[in-house]
Amino acid sequence: MARILLVDDANFMRVTLETIVKQDKHEVIGGAENGKEAIKLYKEMKPDLVTMDITMPVMNGIDAIKEIMEYDPEAKIVVCSALGQQKVVVEAIEIGAKDFIVKPFDENRVLDTINRVLHKYEQIS
């Protein structure tokens with residue numbers, strides 16, 4: 001069971017993700033609606049994994065990933081993006097995100113991705 005921080009400016013997306021991850025007995029320890037909030041919560045809560053939206057007000061996901069990775073190079077971040085954002089997803093992976101999931105969410109893909117990232121990077125660290 002992992003402690004997960006959900007970051008998305010749309011509340012219904014956070015609720016949808018929360019419902020999915022709780023099926024797999026993961027714990028949602030917080031939710032943020034922008035990158036600035038995500039960084040603050042990451043530092044306070046030290047989650048095992050973060051799901052990060054890209055397009056958000058105040059601070060976007062790319063800038064938030066950069067800052068979280070500077071703070072904690074071992075951070076496990078999974079990017080959530082809409083179809084057609086491949087260029088941004090590639091950029092996110094290059095700066096440290098471990099994987100991505102596409103909106104609208106497919107439950108199995110979300111859980112497979114989260115569990116793969118958690119287990120793959122657990123063994124390394």
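Owing to the predicted nature of the structure, the values given are computational and were not obtained by experimental measurement.
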Honestly curious: do [X] and [Y] fall in one hydrophobic cluster under the side-chain, below-4.5 Å linking rule?
{"X": "Val15", "Y": "Met13", "result": "no"}
{"X": "Val7", "Y": "Val58", "result": "no"}
{"X": "Met45", "Y": "Ile65", "result": "yes"}
{"X": "Val90", "Y": "Phe100", "result": "no"}
{"X": "Met1", "Y": "Leu6", "result": "no"}

**Step-by-step side-chain contact (heavy atoms from CB on, under 4.5 Å) determination, Cys80 to Met52** = CA-CA 6 Å; Cys80 302; Met52 180 75 70; over 6 Å; no
**Asked** Sub-3.5 Å donor-acceptor pair from the side chain of Arg14 to the main-chain atoms of Asp8, do we have one?
**Response** yes
**Residues that Asp112 engages under side chain to side chain donor-acceptor pair (under 3.5 Å), provided they are two or more places apart** = none
**Message:** Going by side chain to side chain donor-acceptor pair (under 3.5 Å), name the residues that satisfy it together with Lys66, two or more places apart in sequence or in a different chain.
**Reply:** none
Distance in Å, [X] [atom1] paired with [Y] [atom2], rounded so as to fall on 0.5 Å steps:
{"X": "Ile39", "Y": "Glu70", "atom1": "CD1", "atom2": "CD", "value": "9.0 Å"}
{"X": "Thr55", "Y": "Asp9", "atom1": "OG1", "atom2": "CG", "value": "8.0 Å"}
{"X": "Leu41", "Y": "Leu5", "atom1": "CG", "atom2": "CG", "value": "5.5 Å"}
{"X": "Ile93", "Y": "Gln86", "atom1": "CD1", "atom2": "CD", "value": "12.0 Å"}
{"X": "Lys76", "Y": "Ile114", "atom1": "NZ", "atom2": "CD1", "value": "13.0 Å"}
{"X": "Thr113", "Y": "Lys120", "atom1": "OG1", "atom2": "NZ", "value": "11.5 Å"}

**Request:** Sort out for me which residue in Asp106, Leu17, Val79 forms a side-chain contact (heavy atoms from CB on, under 4.5 Å) with Ile101.
**Result:** Leu17
Mind listing the closest non-hydrogen atom pair of [X] and [Y] along with its distance?
{"X": "Glu37", "Y": "Ala32", "answer": "OE2-CA, 3.1 Å"}
{"X": "Ala64", "Y": "Gly35", "answer": "CB-CA, 3.6 Å"}
{"X": "Ser81", "Y": "Val89", "answer": "OG-CG2, 3.2 Å"}
{"X": "Asn60", "Y": "Ile62", "answer": "OD1-N, 3.0 Å"}

**Message:** Before you tell me yes or no, could you show the steps for Glu18 and Lys22 under salt bridge (Lys or Arg N to Asp or Glu O under 4.0 Å), namely the whole-Å CA-CA distance, both residues' side-chain angles and the distance that decides it to 0.1 Å?
**Reply:** CA-CA 6 Å; Glu18 181 169 4; Lys22 281 186 171 178; 2.9 Å; yes
**Message:** Looking at Arg116 and Asp99, is any side-chain nitrogen of the basic one under 4.0 Å from a carboxylate oxygen of the acidic one?
**Reply:** yes
**Enclosure of Lys46 NZ (heavy-atom neighbours >12, cutoff 6.0 Å)** = yes
**Complete:** Applied to residues 25-36, the side-chain hydrogen bond (donor to acceptor under 3.5 Å, both in side chains) test, sequence neighbours excluded, yields His26-Asn115
**Asked** Under 4.5 Å between any side-chain heavy atoms of Ile20 and Leu111, yes or no?
**Response** yes
**Message:** Run Ile68 and Ile77 through side-chain contact (heavy atoms from CB on, under 4.5 Å) and show every step you take.
**Reply:** CA-CA 9 Å; Ile68 289 171; Ile77 302 172; 3.8 Å; yes
